[in-house]
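Here's the structure, in structure tokens; my notes come after.
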Amino acid sequence: MLRSCTAGLRSLWALRGGREGVPRPSTDLQPAPRLFSAEKVIHTDCALPNPSWSKDLKLLFDQFMKKCEDGSWERLPSYRHRCAQISEDFKNYFLEQKPVKEGRLSQVRLFTRGFEDGLGFEYVIFKNNDEKRTVCLFQGGPYLQGVPGFVHGGAIAAIIDTALALCAAVPGKAIMTANLNINFKRPVPLCSVVVINSQLDKLEGRKLFVSCNVQSVDEKTVYSEATGLFIKLDPEKKSF
Ligand SMILES: CCCCCCCCCCCCCC(=O)SCCNC(=O)CCNC(=O)[C@H](O)C(C)(C)COP(=O)(O)OP(=O)(O)OC[C@H]1O[C@@H](n2cnc3c(N)ncnc32)[C@H](O)[C@@H]1OP(=O)(O)O
């Protein structure tokens, strides 16, 4: 498996050198939006297939795209730089906050989209609004290694947090993770594809309770199970 990762890396670098439109790391600093800027910025949607996606990931992606045809499921787009709408949702709560120095703003990226194609988090999330659930198809690349040959637990936590956040997300409202509990039951092989099934279990005032499992594509292996608590930020509280 590690050999195939290394081979994959080499071919990715080769691809990067030759593929038009795939920027080199040093120049991949697109003109990013100012944090919390209302300015609309168009960026590349990362939740679409790229050459690093394995056959399994492409196959599952196609299956879910078919499910989107009748409108019951939707694919959630995903951007490297925070999209204008999400920034709008949060800006009222962080009025005084200047988290990033001017000179570094162009480097700001969403953590799970901060790697070059295929090296880190490759994923796409589909949402079924009626059933209040999401499915995240995730391929953990070679830069996410923890124990040799397996995905780092912190990387698994990050993709679980992302999947649960988007399951809990309420349009126009800002939410944050208050609690995340994960049982790591089996290690996730590096460069493999796993499926994260999340659901909204309960809504209690500002509290959104969600849970998920992380399974192999054939559903025979449960790698992790998790629960999360997300809180809708209170517009009356601006003390962050
Ligand atoms: C999420 C992002 C969506 C955007 C999508 C982008 C895509 C990428 C997705 C990336 C995703 C990345 C996501 C990230 O990385 S989010 C980053 C990681 N999270 C944080 O940094 C959050 C830090 N914490 C806070 O800011 C505050 O504590 C929050 C805002 C969470 C609540 O402070 P607030 O002052 O507003 O609320 P409250 O204290 O009055 O509490 C309200 C109620 O909640 C209950 N409670 C609170 N905490 C806990 C707890 N730990 N266990 C159990 N219960 C808890 C509490 O008892 C009370 O209940 P009740 O008394 O009313 O019954």
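Start at 1 with the first residue, then count along the sequence. Read the numbers this way: they start at 1 and go in the same order the structure lists the ligands and their atoms. In this text, all values refer to a predicted model and were calculated from it rather than measured experimentally.
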- Task: Could you see which bit of Ala165 sits under 4.0 Å from ligand 1, with heavy atoms only: side chain, backbone, both or neither?
- Result: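 For Ala165, only side-chain atoms sit under 4.0 Å from ligand 1.
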
Just distances here: any N/O of [X] and N/O of ligand 1 closer than 3.5 Å?
| X | result |
| --- | --- |
| Asn179 | no |
| Lys232 | no |
| Thr162 | no |

- Message: side chain to side chain contact (heavy atoms under 4.5 Å, CB included), that's the test. Do Leu200 and Leu208 meet it? Break it down for me.
- Response: CA-CA 7 Å; Leu200 176 65; Leu208 299 130; 4.0 Å; yes

Give the single entry among [options] that approaches [atom] most closely by any heavy atom.
| atom | options | answer |
| --- | --- | --- |
| atom 62 (O) of ligand 1 | Glu204, Lys173, Lys207 | Lys207 |
| atom 44 (O) of ligand 1 | Ile231, Thr112, Ile160 | Ile231 |
| atom 12 (C) of ligand 1 | Leu110, Asp161, Ile125 | Asp161 |

For [X], counting its heavy atoms only, list the atoms of ligand 1 lying under 4.0 Å from any of them.
| X | answer |
| --- | --- |
| Ile175 | 1 (C), 2 (C) |
| Leu233 | 30 (C) |
| Ala178 | 31 (C), 48 (N), 49 (C), 51 (N) |

- Query: What residues, two or more places apart in sequence or in another chain, satisfy ring pair (Phe, Tyr, Trp, His ring centres under 6.0 Å) together with Phe111?
  - Reply: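 Checked Phe111 against ring pair (Phe, Tyr, Trp, His ring centres under 6.0 Å); matches are Phe121.
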
- Query: Hey, is CZ on Arg206 packed in by over 12 heavy atoms from elsewhere, all under 6.0 Å?
  - Reply: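 Check passes, neighbour count above 12.
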
- What class does the angle between the rings of Phe61 and Phe126 fall in, given that below 30° is parallel, 30 to 60° is tilted and above 60° is perpendicular?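 Judged by the thresholds at 30° and 60°, the geometry between Phe61 and Phe126 is tilted.
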
- Query: Partners of Asp201 by salt bridge (charged side-chain N to carboxylate O under 4.0 Å, His left out), sequence neighbours excluded?
  - Reply: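 By the salt bridge (charged side-chain N to carboxylate O under 4.0 Å, His left out) rule, Asp201 matches no residue at all.
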
- Query: Atom CD in Gln63, atom SG in Cys68: separation rounded to 0.5 Å?
  - Reply: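 One gets 12.0 Å once the value is rounded to the nearest 0.5 Å.
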
- Applying the 4.5 Å side-chain criterion to the ILVMFWY set and letting contacts propagate, would Tyr123 and Leu57 be lumped into a single cluster?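 Result: no, two separate clusters.
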
